[in-house]
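A quick write-up on the structure given underneath.
Numbers here simply count residues along the sequence, with the first being 1. The shown structure was predicted, so the numbers you read here are calculated from the model rather than taken from an experiment.
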Amino acid sequence: MSAEQQHRDGQAADPGPRSLAQALRERDDASLGALLRSRPDLLHPVPTDVTQLATRAGTRASVLRALEHLDRFALQAAEALAVAPDPASYQELLDLLAGDDGDEEVAGALPATVALLRERALVWGGEDRLRLVRTARELLAPSASHSSPTGLGPSVAEATSGMSPGRIQAILTAAGLPHTHDTVSAVAALSGLFADRERVAELLEGAPEASREVLTRLVWGPPYGQVTAEPAAHLRWLLDRGLLLPTTPGTVVLPREAALSLRGGRAHRVPEPTRPQVAVAAERKPQVVDAAAGGQALAALDTVEELLRSWDEGGPAVLRAGGLSIRDLKRTATVLEVPEPVAAFWVELAYAAGLIASDGGYVEEHHERHDRPDADAEGYEDEETRDARTRRRSGEAEHYAPTPEYDAWRDLPPAERWAWLLEAWLPGTRAPGLIGGRDGRDRTLSALGPGLDRSPAPEVRRRVLELMAGLEPGQAPDPATLLERLRWERPLRSAGPRREQPEPPRTGVRPSYGGGVAANDPEALRTKLTEWALLEAEMLGVTGRGALATHGRALLGAEGRSEGAGAGTAAAGSARAAVVAALLAPLLPEPLDHVLLQADLTAVAPGPLVRPLAEALGVLADVESKGGATVYRFTPGSVRRALDAGRSATELHAFLDRHSRTPVPQPLTYLIDDVARRHGLLRVGAASSYVRCDDESVLDEILADRRATALRLRRLAPTVVAAQADPRTLIEGLRAMGFAPAAESAEGDVMIARPHAHRTPPRTPPAPVPDGPPAPDATLLTAAVRAVRAGDRAATAPRKETPQAPGGLPRTSPADTLATVQAAAMTGESVWIGHVNAEGAASQRLLAPLRVEGGYVTGYDHTADEVRTYALHRITGVAELADEPDGAEPAR
């Protein structure tokens, strides 16, 4: 038995419900919960009853969101119903999708698709009376200004609604049909002619070749065309026979019935009942994939650390409109040794992870109040807020800098630091690839600036990884087929209906990063988001050599998603992050506690170094190259930097002896001793500034040097020279002349120059911009279904006639109210009460009183489906339920 026959046999012969509300009311709780799960926007707020649920399910915003989450075949079925008679039978829908020749794949997939549309409350009605909800029909059906997404135009009846009876009769005569006595029968006769394939073929046998060419161009849409006041002969032939009908002056349309006959009964050019398969582009050993992904993960950590290290003492300034300037982004790219679009990605990732932020913005970034027990009720302002306001008033520039979370992140093991970054990347809605493009107002989008949030980004990112996880370990997907699959799963991503287009030729996808996307092109945006997801996953080490790594699969499978990306240890400590970190840890090399010193004044770190060694070596030497091994170079400037930080020559020698696996080269020993011997021989302090030296000959040499002219030096004593420049400028000038001066304090002590780590006040990472309400959990679904059922029972319960207050509330005297609720409590009956709460909001409640005492009535509220207590003085009145018919159970 075919799937189509099984579907027909499984349906009842009755016409089904008369409204969407009735159809929803007849569902069981599991089916109602499935609707609320698939359309979570219906839950906010929870509907009071089924009627309100049906009304909300038919609103334009909710229906459009539901249509956007249909796959291509489900959307094609909805589009076919929009051009079918209302209501339509299942067979009529099948004929529109399969055509006259039939299609086994369509027939096999259609029952499940119709069930899906029913589940999502887009289709209701019995087997022979399928109805598309009115709003969906309005969105997908053709109108006077546009065609259906199928490319079909209005029906004959719709196109001839304003045509004169005489003109309609003339069309009948030209088409070879007999004259009728009324317009309705004439339109029906013409519709019947165009719906008959054989008769349309006979009619077109005598058509001019040019007329048939016109129909060929219009048949798959758009069905509209332009004609002049005096149309050509081949157009006149079509107009006379109604194959082209006028809609507006100068515009004609191919009627729907005629187009379907010419299409062979198909509503779509190419029905797509089967989801495209993701092809395999390459296949590698899983161990190779994991190793490559581990290397990329380590490189990602190094890049983020280098970025944060370069901003440790204060990063670039914040633009007035927010974000980084192009110049600062170029500088950052130079520091990281990556292209600018890639540098923008790392900056955005650190920002999303809560590791960097602006240091001078509002402390309440989300307009949140810092509540403290000792705060005044009004006008409280903490120290950070006052500092920020002072900086803004004084015109002091805001800068980006690491947050306090950076220090916590830096102390974590490498695998946990990587998991922290992934917890920010996966749900993030900011799209770094847009940087450099233009927004809807033709303004340039900048890194860390506004306008980069795209709500589909997390869904696309996660779906790309899920499709890659569907392949065997080690298999890399073909990007073109991956994109084709995503287009099939989410074909509609715009504010308007999709138009039927010819099938485009399939070409390979060439991933690129950056450059922006047109603000009003959702299809191009989704394509770019897919490409960026693949590139970002590779840069982060989620994938290796194009295939999903083992820890990447765990990223999708583990539960325990953190509430906020980068939210301190909560992100690193979530169950998913813990699983991912445990799988990644064996792929990362253990940090080393040694380097290899070489005779050319370099040190080679054959792997990542432990943090104290890396930080100390970063002060003593300059990084010359990175890669599998990091090369450090010792220079007089780098050694002087270490001496300025308070390290002595003896300490430096001991440090190198302790951490080098090779003997300390003699040139490096001489370099340290030579710089240390000259370091601090000159002393610079503040006068404007001065130079002090016990060796008078050194001061003589400085005063005789022409390069000292700009410093405006003047000798005050044999061992002291004053300068007009500030101490910093004086020190830099003397160093440029080849000396090694040291700064001293007002007490004459040598000042140790330690790096000043600049941190922002505590900041909250940017919250993702969700694509609609979040998916409800099982607890919320159960409670919502119970509330809807209870409200529906209360709303449909009959009641006796009683005087009513304004607003429809029952009205009785206080004595009658008390007597009625006491009687109901004794007999166990339910009553209607009118209630006004403390805020003045009035409502009707169906209450089964249980206890009346102390001026309060306690009972089971059927409307809220829970036991509640109401003050008697707030009850406007009571109405008894109407007598139930024989055999009916009272509402309880």
Side-chain angles (χ1 to χ4, degrees), residues 75-86 88 92-93 95-97 99-100 132 136-163 167-168 171 174-175 187 190-197 199-201 203-204 207-228 231-232 234-271 492 496-504:
L75 187 60
Q76 286 181 333
E79 292 167 351
L81 275 176
V83 297
D86 188 25
E92 287 174 323
L93 175 60
D95 291 341
L96 282 171
L97 290 170
D100 297 341
L132 192 66
R137 180 174 288 273
E138 292 172 354
L139 286 168
L140 300 177
S143 69
S145 59
H146 64 76
S147 62
S148 160
T150 62
L152 294 171
S155 64
V156 172
E158 294 167 343
T160 59
S161 59
M163 189 177 292
R167 176 59 182 150
I168 295 177
I171 291 176
V187 171
L190 190 60
S191 299
L193 168 65
F194 291 158
D196 191 323
R197 314 285 195 267
R199 295 168 66 189
V200 170
L203 180 63
L204 291 178
E209 183 64 27
S211 299
R212 289 196 289 269
E213 291 178 359
V214 170
L215 295 179
T216 302
R217 291 198 300 268
L218 299 180
V219 65
W220 289 107
Y224 296 94
Q226 300 294 320
V227 295
T228 61
H234 65 283
L235 295 176
R236 174 57 61 188
W237 191 95
L238 296 172
L239 288 167
D240 290 343
R241 289 156 181 78
L243 289 168
L244 291 180
L245 294 173
T247 55
T248 57
T251 303
V252 294
V253 65
L254 175 65
R256 186 187 307 166
E257 294 86 348
L260 284 172
S261 293
L262 296 172
R263 292 180 176 193
R266 286 185 183 272
H268 298 85
R269 182 192 293 265
V270 182
L492 185 62
R498 179 179 58 89
R499 297 285 177 264
E500 184 80 358
Q501 298 292 341
E503 185 73 11

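With sequence neighbours excluded, the residues forming a side-chain hydrogen bond (donor to acceptor under 3.5 Å, both in side chains) with R197 are D100, listed by chain and number. Contacts of E257 classified as salt bridge (Lys or Arg N to Asp or Glu O under 4.0 Å), with partners at least two apart in sequence or in another chain: none. Under the rule for a salt bridge (Lys or Arg N to Asp or Glu O under 4.0 Å), R199 has no partner lying at least two apart in sequence or in another chain. Every residue was checked against the salt bridge (Lys or Arg N to Asp or Glu O under 4.0 Å) condition with R217, not counting sequence neighbours, and none meets it. Under the rule for a side-chain hydrogen bond (donor to acceptor under 3.5 Å, both in side chains), R167 has no partner lying at least two apart in sequence or in another chain. With sequence neighbours excluded, the residues forming a salt bridge (Lys or Arg N to Asp or Glu O under 4.0 Å) with D240 are R236, listed by chain and number.
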**Request:** Assess whether side chain to side chain contact (heavy atoms under 4.5 Å, CB included) is satisfied between T150 and R266, documenting all intermediate values.
**Result:** CA-CA 9 Å; T150 62; R266 286 185 183 272; over 6 Å; no
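Side-chain contact between L245 and T160 is present, with heavy atoms from C-beta onward closer than 4.5 Å. You'll find the side chain of L244 stays beyond 4.5 Å of the side chain of V253, heavy atoms only. Side-chain contact between L190 and I168 is absent, with no heavy atoms from C-beta onward closer than 4.5 Å. Side-chain atoms of Y224 and T247, non-hydrogen and from C-beta on, do get closer than 4.5 Å to each other. Side chains of P231 and L239 form a contact here, defined as non-hydrogen atoms less than 4.5 Å apart. Using a 4.5 Å cut-off on side-chain heavy atoms (C-beta onward), V200 and D196 make no contact. Residues V83 and L260 are not in side-chain contact: their nearest non-hydrogen atoms beyond the backbone lie 4.5 Å or more apart. Between I171 and R241 there is no side-chain heavy-atom pair separated by less than 4.5 Å.
Rounding to the nearest 0.5 Å gives a distance of 11.5 Å between CG of L254 and CH2 of W220.
The heavy-atom pair separating A82 from A141 by the smallest distance is O-CB, 3.8 Å.
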